[in-house]
Participant: 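Once you've had a glance at the structure underneath, I'll fire off some questions.
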Number of protein chains: 2
Amino acid sequence: MTKDAEALQAEVDRLRLEVQTLEASHDAQKITVGNYLLTRLAQLGVTSMFGLPGDFNLGFLDLVEDHPTIDWIGNCNELNAAYAADGYARVKEHSIGVVTTTFGVGELSATNGIAGAFSEMVPVLHLVGVPSTVQQKARPILHHTLGDGRYDAYVKAASQFSVYQAIIMNKNDAPIQIDRALTECITLARPVYMTLPTDIVYQEIGSQRLLTPLSRSPPLNDPATEDFVIELIHQRIKEAEGDVVVLVDACVIRHDVKQEVFDLLKKTGFPVYAAPMGKSSVDENYSRYGGIYVGSITHPDIKGKVENAKLLLSIGSLASDFNTGNFTYRISTRRQIELHSDHTKVQFARFEGIGMKRMLPKLTERLKEFYPIGSNIEVPPFIKQLPKQDTPVISHLWFWPRLSFFFKEEDVIVTETGTANFGILDIPLPAKSILVSQILWGSIGWSVGSCLGAALAARDINMGRVILFVGDGSLQLTVQELSPMIRKGLRPIIFVLNNKGYSIERYIHGKHRKYNDISEWNWTSLLKVLGDLDGTLSRTYTVRTKKEVSDLLDNPTFANADKIQLVEVIMDALDAPRALEVQAELTGKGNAYAGK
Amino acid sequence: MTKDAEALQAEVDRLRLEVQTLEASHDAQKITVGNYLLTRLAQLGVTSMFGLPGDFNLGFLDLVEDHPTIDWIGNCNELNAAYAADGYARVKEHSIGVVTTTFGVGELSATNGIAGAFSEMVPVLHLVGVPSTVQQKARPILHHTLGDGRYDAYVKAASQFSVYQAIIMNKNDAPIQIDRALTECITLARPVYMTLPTDIVYQEIGSQRLLTPLSRSPPLNDPATEDFVIELIHQRIKEAEGDVVVLVDACVIRHDVKQEVFDLLKKTGFPVYAAPMGKSSVDENYSRYGGIYVGSITHPDIKGKVENAKLLLSIGSLASDFNTGNFTYRISTRRQIELHSDHTKVQFARFEGIGMKRMLPKLTERLKEFYPIGSNIEVPPFIKQLPKQDTPVISHLWFWPRLSFFFKEEDVIVTETGTANFGILDIPLPAKSILVSQILWGSIGWSVGSCLGAALAARDINMGRVILFVGDGSLQLTVQELSPMIRKGLRPIIFVLNNKGYSIERYIHGKHRKYNDISEWNWTSLLKVLGDLDGTLSRTYTVRTKKEVSDLLDNPTFANADKIQLVEVIMDALDAPRALEVQAELTGKGNAYAGK
Ligand SMILES: Cc1ncc(C[n+]2csc(CCOP(=O)(O)OP(=O)(O)O)c2C)c(N)n1
Ligand SMILES: Cc1ncc(C[n+]2csc(CCOP(=O)(O)OP(=O)(O)O)c2C)c(N)n1
């Protein structure tokens with residue numbers, strides 16, 4: 001089907017739903033509201049749902065537990081559950097993450113996780129079991145209320161961090177609300193919030209609507225404007241004599257244009273670099289891929305190549321501080337073309353409503369004539385290299401390159417805010433691998449929950465190993481989420497970077513301050529305590545030297561990842577990847593503790 | 001000082017502050033904004049501050065770490081930190097809890113903890129380290145932002161759960177904002193929210209204001225109205241021929257009238273009962289104390305006594321579902337007098353602005369003539385009694401009464417939502433003990449963080465042992481907070497009720513559902529893994545029979561609580577205290593999963 005036909009089809013589907021809304025009264029086949037929602041989720045490919053029970057969602061959870069294709073993942077707390085839903089959605093493209101909580105106590109515990117999904121553009125449904133519609137109208141001082149009758153306080157808070165709030169208050173409105181919320185979720189790639197009252201779950205409605213799938217198809221671009229923009233871009237590139245560099249970023253992943261972008265790259269031959277949040281959106285083994293561009297922090301070999309090109313074609317950019325070397329791009333607006341999900345910028349001109357998903361294929365056709373020039377622009381090799389270092393101490397400088405020889409195709413790699421997020425930038429990842437990290441939001445502890453969700457998604461879509469890198473400090477925030485990993489038979493490899501506290505913070509401020517210390521834990525006992533009671537389901541290791549790291553990575557039993565494994569990696573408190581050292585200094589300056 | 005003089009003094013103090021605001025320019029002695037705040041907190045008796053570092057609060061944390069009397073308690077995550085601040089404030093009367101977080105990720109993680117303090121009326125300051133004022137005005141896409149420039153989203157969410165938001169944006173406004181926020185916090189006994197930008201922390205301001213302490217004194221009652229109300233109450237009691245029962249509830253504790261109430265009780269001789277949330281507000285060994293009244297769930301001996309009295313004098317009531325046996329009080333409004341912090345109700349008439357703190361002493365004087373009648377009303381004995389049960393299995397029916405023989409004066413007892421919150425109701429607690437529980441908000445996991453804060457407060461004010469009862473399910477949410485307890489040398493006794501999952505939920509819905517199961521953990525290894533690495537700082541036990549419980553409780557080493565101790569108590573998945581069985585059924589009915 002062509003893109004235009006696809007859009008028309010989407011419009012047809014939308015209209016069908018409207019017609020069905022009107023016809024609902026004649027609808028013979030009945031389904032409960034709860035199962036209507038679950039059917040929609042199953043249609044979107046949801047196979048795991050995250051969350052915790054609470055008395056306002058228990059009736060709904062019966063339906064989940066009885067559902068043939070959806071599995072209930074009981075999490076240890078709601079924040080971790082939201083993180084898991086986020087990780088699941090990141091790995092399982094075209095699906096969404098779902099977190100179910102209970103009124104007040106449960107939903108508010110998830111706030112930071114949902115806000116993170118908002119910030120990082122991850123499609124997550126936050127479903128909240130709430131008191132019956134009768135109680136919502138009478139507003140008694142139920143448990144989990146604020147004691148003052150304000151039953152709308154939670155949705156008010158949630159509206160700050162979701163693109164749509166579906167407040168279901170009667171059965172007839174329910175399917176419309178559900179469809180609307182899910183459509184917003186998948187098209188905008190952002191969280192939506194939904195309340196399901198106890199007395200609505202089992203009410204029956206017509207099921208006819210379910211025959212029409214929900215459409216994720218973005219709106220059509222206005223054809224005349226789109227043509228104009230494509231011509232304009234073509235003209236600018238011609239003026240630049242084809243001296244173009246492509247920079248891919250977060251939204252290539254979030255707004256689902258990896259394939260379209262790769263087509264453009266192959267047909268134009270233009271060199272491509274990635275911003276940190278765009279890492280792994282383009283196969284890092286692709287010969288025309290040059291590595292990571294992050295403003296002033298960029299590796300010198302790469303920096304000039306990007307900044308000296310006559311034109312930068314930026315796709316899906318998200319210009320946050322940590323994603324741009326603290327806003328230090330050295331590329332004037334005059335030399336930039338930006339493609340976004342819902343608009344396009346050519347130098348200073350903005351074209352609202354011209355989205356990249358639909359324009360990219362046409363643009364590729366128009367630009368492929370530049371292949372002879374594009375494919376001749378020099379690209380520095382971005383390849384695995386292991387630096388020599390004489391000391392046995394495990395340094396960041398050596399550790400990450402060493403890991404690059406361990407990674408395989410289809411690995412899912414999850415990195416936490418802290419040294420890990422920076423360490424991973426300097427090394428190439430294998431083809432078809434996925435990098436999952438949270439560079440804009442940067443909530444520590446996120447990676448552990450996220451890894452749980454990522455591992456479930458990875459199992460579902462037959463990806464390879466799941467490998468987590470988390471600091472000792474971050475792991476303390478969400479450690480209990482190792483438990484569902486064990487219970488669900490997942491087999492991630494978990495590297496715990498034990499550097500005695502919050503190293504990234506030490507680099508920013510308070511190098512020797514006690515507030516940057518943490519309690520020393522017995523990391524290697526964690527899996528046994530949190531679920532692998534007889535020690536048969538997991539393996540644990542501590543590595544203190546480069547040799548110990550290498551031996552472990554070369555051990556086929558370890559590399560096979562047939563059980564959940566945790567590796568404690570002993571590192572210096574004051575060691576960090578190069579990129580972090582620079583970023584930390586810039587961040588420290590921005591915070592400007594005046595008078596110090 | 002008389003109460004009226006006290007109020008005048010408060011007004012004088014308020015005016016002085018205003019004058020000093022105006023005179024600030026002439027103020028010679030300088031202090032940084034950060035230290036101004038810390039001085040105010042120290043004046044309020046704050047000795048521990050909770051939270052986590054983040055780059056937007058690090059500069060401020062230098063000041064905390066260097067402060068002579070305030071200790072920084074690095075928590076494992078922000079939700080737990082908020083819980084700890086809540087527990088601290090509950091035990092340390094006349095002080096407040098303080099939780100410090102970082103912009104976005106940190107503060108939003110604490111949302112549920114702060115909302116709980118709001119709901120349960122606990123004075124907590126939520127202090128957030130935020131970007132510099134320069135950045136707040138320019139609104140770049142910094143890490144921890146939503147990526148769309150909405151720098152006001154977090155305060156909007158916070159405003160749902162705090163009585164005041166102090167948004168500090170310049171040094172001159174800072175002391176006024178700080179004083180205002182803290183005054184609201186202590187007088188309304190509710191959370192306040194404050195943002196401290198990185199570039200303001202070290203700016204210097206005059207310190208003169210600090211010489212005037214902040215006043216917690218509630219506003220004066222209008223004398224004529226107050227006189228009228230006192231006369232009216234007197235008249236009603238006379239009509240009732242002195243047949244009065246007093247019911248104490250949550251706000252006796254929260255609004256600081258324990259002493260005033262006890263005076264009234266002794267001078268009138270009226271019998272007194274407590275709602276669950278008022279438990280321990282009156283010495284439970286007091287001869288005129290009859291136990292817990294909780295509507296239809298009340299023990300039969302007690303129920304008639306309360307419901308058949310001609311008049312009920314209710315003090316500080318908070319009529320939530322779990323606090324009233326699901327709204328089943330059998331006492332008509334015609335027979336009720338209610339004293340609250342900011343109003344009084346006599347039968348159907350409401351007197352706005354007549355607060356109990358100031359009226360109580362006068363009321364006591366007026367009512368003491370009823371002593372001969374009041375002191376002759378029969379009160380059923382509420383005494384320790386150990387029921388006989390032949391089986392060795394540890395039942396709730398036996399466990400809680402057995403514990404009542406273990407508790408001592410000045411113990412601080414913390415109970416979690418679940419079976420524990422109900423079990424504790426049926427037994428009397430010793431004089432001067434404090435019960436800390438969260439019956440209205442009911443967020444599981446809260447008790448663990450709260451216990452940390454309670455233990456620090458208890459140590460500070462020389463209370464006795466701190467004893468926590470937490471379900472296995474709840475402990476999984478916040479388990480990491482055991483770690484700071486160990487690091488800070490605290491010595492709580494932690495009873496983990498291991499009944500294989502969420503028993504309270506099983507009683508409400510889904511008795512045999514998998515979603516009510518949890519992963520089995522190795523509970524007795526937790527303390528060693530989370531900080532007591534060489535096993536010298538803690539002791540751990542498992543008890544499976546009544547005899548094992550009794551032997552342990554009788555063991556002086558255990559009872560002395562000279563180290564942190566964890567006791568795993570093995571119980572049946574389908575056993576629960578009597579009160580819970582009834583409440584669960586009522587709650588289940590209210591949720592009305594129609595169609596099932
Ligand atoms: C929820 C949350 N709280 C606090 C922070 C502030 N913060 C950012 S990184 C960091 C320390 C991370 O330490 P660790 O995981 O040990 O990583 P390292 O840098 O040592 O590898 C902290 C506390 C945050 N980003 N998120
Ligand atoms: C943060 C939060 N999430 C979910 C709930 C719903 N909830 C209430 S009680 C409970 C189970 C508690 O189980 P446990 O601690 O084992 O106590 P038990 O009743 O078994 O003693 C749950 C999940 C809640 N109250 N708070």
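Per chain, numbering begins at 1; letters A, B, ... match sequence-line order. Computed from a predicted structure; not experimentally measured.
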Participant: Take B:R487 and A:I518 through the side chain to side chain contact (heavy atoms under 4.5 Å, CB included) test and state the conclusion after the steps.
Facilitator: CA-CA 9 Å; B:R487 191 174 67 240; A:I518 60 168; 5.8 Å; no
Participant: Chain B heavy atoms under 4.5 Å from A:E505: which part of the residue, side chain, backbone, both or neither?
Facilitator: both
Participant: Based on non-hydrogen pairs under 4.5 Å, which of A:Q438, A:E107, A:R150 is most in contact with chain B?
Facilitator: A:R150
Participant: For chain B, which candidate among A:T111, A:V529, A:N77 shows the most heavy-atom pairs at distances under 4.5 Å?
Facilitator: A:V529
Participant: Walk me through it: do A:D66 and B:R513 pass the test salt bridge (Lys or Arg N to Asp or Glu O under 4.0 Å)?
Facilitator: CA-CA 10 Å; A:D66 294 341; B:R513 283 291 185 172; 2.8 Å; yes
Participant: For each of A:G442, A:G531, A:G147, tally heavy-atom pairs with chain B at distances under 4.5 Å, and name the one with the top tally.
Facilitator: A:G442
Participant: Pick one of side chain, backbone, both or neither for B:L52, based on which atoms fall under 4.5 Å of a heavy atom in chain A.
Facilitator: side chain
Participant: Is A:Y515 close to chain B through its backbone or its side chain, or both, or neither, when contacts mean heavy atoms under 4.5 Å?
Facilitator: both
Participant: Between the side chains of A:H509 and B:D62, is a donor N or O closer than 3.5 angstrom to an acceptor N or O?
Facilitator: yes
Participant: A:R506 versus chain B, heavy atoms under 4.5 Å apart: side chain, backbone, both or neither?
Facilitator: neither
Participant: If we define contacts as heavy-atom pairs under 4.5 Å, which of B:L146, B:T478, B:N522 has the most with chain A?
Facilitator: B:L146
Participant: Which region of B:L79, side chain (C-beta onward) or backbone (N, CA, C, O), has a non-hydrogen atom less than 4.5 Å from a non-hydrogen atom of chain A, or is it both or neither?
Facilitator: side chain
Participant: A side-chain contact here means heavy atoms from C-beta on lying under 4.5 Å apart; do B:L58 and A:N516 qualify?
Facilitator: yes
Participant: Identify which part of B:A319 has an atom lying under 4.5 Å from any heavy atom of chain A, answering side chain, backbone, both or neither.
Facilitator: backbone
Participant: Determine the minimum heavy-atom distance between B:A157 and A:A157, stating which atoms define it.
Facilitator: CB-CB, 4.2 Å
Participant: Does any backbone or side-chain atom of B:T587 lie under 4.5 Å from a heavy atom of chain A? Answer side chain, backbone, both or neither.
Facilitator: side chain
Participant: Could you pull out the closest heavy-atom pair between A:T145 and B:S119, with the gap in Å?
Facilitator: O-OG, 2.9 Å
Participant: Which heavy atom in A:S443 sits nearest to a heavy atom in B:V105, and how many Å separate them?
Facilitator: CB-CG1, 3.5 Å
Participant: Pick one of side chain, backbone, both or neither for B:W441, based on which atoms fall under 4.5 Å of a heavy atom in chain A.
Facilitator: both
Participant: Quick one: does A:F118's side chain get under 4.5 Å of B:D148's, heavy atoms only?
Facilitator: yes
Participant: Tell me, out of B:I439, B:I508, B:L533, who's got the most heavy-atom pairs with chain A below 4.5 Å.
Facilitator: B:L533
Participant: Taking A:A584, A:G106, A:S159, A:S519 one by one, which has the highest count of heavy-atom pairs under 4.5 Å against chain B?
Facilitator: A:S519
Participant: Name the option with the most non-hydrogen atom pairs under 4.5 Å to chain B; the candidates are A:H143, A:E204, A:Q476.
Facilitator: A:H143
Participant: Going through the checks in order, is the side chain to side chain contact (heavy atoms under 4.5 Å, CB included) test met by B:Q160 and A:Y154?
Facilitator: CA-CA 8 Å; B:Q160 296 299 322; A:Y154 312 146; over 6 Å; no
Participant: Under a 4.5 Å cut-off applied to non-hydrogen side-chain atoms, are A:F161 and B:L108 in contact?
Facilitator: yes
Participant: Does some side-chain heavy atom of B:L440 sit less than 4.5 Å from a side-chain heavy atom of A:H144?
Facilitator: no
